[in-house]
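Here is the structure we will look at.
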There are 2 protein chains.
Amino acid sequence: MSQEGSPCGPAAARAPLRESPWRASRERLRDRQVKREAVIRAAAHAFNRKGYHNTSLDDIAAALEVSKPTVYYYVSNKEQLLFECFVAGIEPIRAAFREARLMKAPARERLKAVLRHYGRAVASEFGWCMVRAEDQDLAPAMSGHIKALKSEIDQGIRRLLREGMQDGSIHPCDPKMTAFALAGALNWIAHWYRDSHSLSGAEIAEAFISVFESGLTPRQSAESAGAPRHVSARLAR
Amino acid sequence: MSQEGSPCGPAAARAPLRESPWRASRERLRDRQVKREAVIRAAAHAFNRKGYHNTSLDDIAAALEVSKPTVYYYVSNKEQLLFECFVAGIEPIRAAFREARLMKAPARERLKAVLRHYGRAVASEFGWCMVRAEDQDLAPAMSGHIKALKSEIDQGIRRLLREGMQDGSIHPCDPKMTAFALAGALNWIAHWYRDSHSLSGAEIAEAFISVFESGLTPRQSAESAGAPRHVSARLAR
DNA sequence: TAGGATGGCTACCCGCGAGTATGATGCATG
DNA sequence: CATGCATCATACTCGCGGGTAGCCATCCTA
């Protein structure tokens, strides 16, 4: 996805047999897919910079140096464009959950692995669209899809939290609220990560995870410097 | 702000002297202020439900059972309406910082106090507007104001974190990233708190704070139930 | 080389919504 | 009663932007 020169697997594999009469048409199909993705990426960038409502399809077309009907040739309407960006943003997170399910490790480690991917996804070029795809902006059908996908993520986090509380790797907590807190913190990355790209998505995720993991209260099992003296563990009330 | 019957101080104080020829005009002025606030609250509610861009001024006028020019009689334009909602949302947080500055307690407690107010503010009727007031949607002037106010909050949190690390009440951490994580989690409340009002803003803030405070990793200084056994402190890497 | 499929452009339609011109009503003052 | 100010409604302008109609170019296939 970093450059357009990434041919999707099957088409590239069958490229050698040039005698097929369908070669050209398959190539065109692949070209079309590449262009379609370019449109979606251009939309994502525009939404990033100016927001969904402040981006016109003329803007997107201009960024691609084509005209508006060309954009409409690849996507049916603006709403679908947002939806595609959303899916592109959220898919890596779903993949992270599938991956985590195969890990044989305590739930806290599996959760951390998911959150790492989550953070990277939010900091990616589709992060903004994923995070900010509002049900208010979309017709009921798409809104339903998006809600379902978001809920899937949310439930996945809650499940990992519950599993962690069972296997003892996670401190007892309210899974719902905790999942909201974790996801919220990570989602919010999309709001401030546009201009200041001083850190990579992975680095941000790592920093956040370390906060989530140990919390604000100092631990006497000092693993860093710090000298909590007159304030030891829990102070008031 | 909870009801319209809250007369601002000075006007109410001078109400007894009815002989003043300016009484009527002052009363009208107060009425005007009350109505203006009603307009702003109506706007906030509409923005809550449908978002800024999907709310027309006709909608707001209809909600107030007046016509559009009436709305324009109290505010100069839509953008200013959003700005007023933003300020109404963020002001309690600024107040919380001022209040915290007077507290004589470890920084972690002062921070918690601020975060409690923060959470309540985000869950308030202006929370959505405060959180979602985009610089992209506003002219440079207002955008600058908003950015400054947001930055003020951010810097305030960072300062409390640093102070906490100095007085030993807060675990060593990167103040910038940690502030982002805290504010992000709380900001995100505005996204899911619209429909499901099962918890109050204060309750949510409390739940979040307990997550931030102790983190996910179980502590052997068990203050809750739970039996972290085979996984004691820090597991891998 | 004809004919169809693919890909693209110019030029348009049209509705929505921000903002306004104009004037009516009512109330206080003189 | 006349004047003036405050308040609000009807009815409008107008530009932006989503979406489309219709036409042209190219290239593959027969």
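Keep in mind that what you see is a predicted model, and the values were worked out from it rather than measured. Residue numbers begin at 1 in each chain, while the letters A, B, ... track the order of the sequences.
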For B:R194, all residues meeting side chain to side chain contact (heavy atoms under 4.5 Å, CB included), sequence neighbours excluded =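 Side chain to side chain contact (heavy atoms under 4.5 Å, CB included) list for B:R194, sorted by chain: A:D135, A:Q136, B:W128.
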In whole angstrom, what separates [X]'s [atom1] from [N]'s [atom2]?
X: A:L64; N: C:dC9; atom1: CG; atom2: P; answer: 10 Å
X: A:D31; N: C:dT6; atom1: CG; atom2: P; answer: 13 Å
X: B:L81; N: C:dG17; atom1: CG; atom2: P; answer: 16 Å

Are the side chains of [Y] and [X] in contact, using a 4.5 Å heavy-atom criterion?
X: B:Y74; Y: B:K35; result: yes
X: B:Y72; Y: B:V75; result: no
X: B:E134; Y: A:H191; result: yes

Sorted by number, the residues of residues 66-79 of chain A with heavy-atom contact under 4.0 Å to DNA chain C |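 Under 4.0 Å from DNA chain C: A:V66, A:S67, A:P69, A:T70, A:Y73, A:Y74.
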Name every residue in residues 44-63 of chain A that has at least one heavy atom under 4.0 Å from any atom of DNA chain C, in order of residue number, or write none if there are no such residues.
->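 Within this stretch, nothing sits under 4.0 Å of the strand.
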Indicate the ring-plane relationship of B:F208 and B:F212, choosing parallel, tilted or perpendicular according to the 30° and 60° boundaries.
->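 Judged by the thresholds at 30° and 60°, the geometry between B:F208 and B:F212 is perpendicular.
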Check whether any side-chain N or O of A:R32 sits under 4.0 Å from OP1 or OP2 of C:dG7, and answer yes or no.
->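 The answer is yes; a side-chain N or O of A:R32 sits under 4.0 Å from OP1 or OP2.
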Please say whether more than 12 non-hydrogen atoms of neighbouring residues, nucleotides or ligands are located less than 6.0 Å from CZ in A:R162.
->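 Counting other residues, nucleotides and ligands, CZ of A:R162 exceeds 12 neighbours.
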NE2 (A:H145) with more than 12 external heavy atoms under 6.0 Å |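 No, NE2 of A:H145 has 12 or fewer neighbouring heavy atoms, counting only those of other groups under 6.0 Å.
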Please round to the nearest 0.5 Å and tell me the distance separating atom OG1 of A:T55 and atom NZ of A:K50.
->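 Reported value, rounded in 0.5 Å steps: 5.0 Å.
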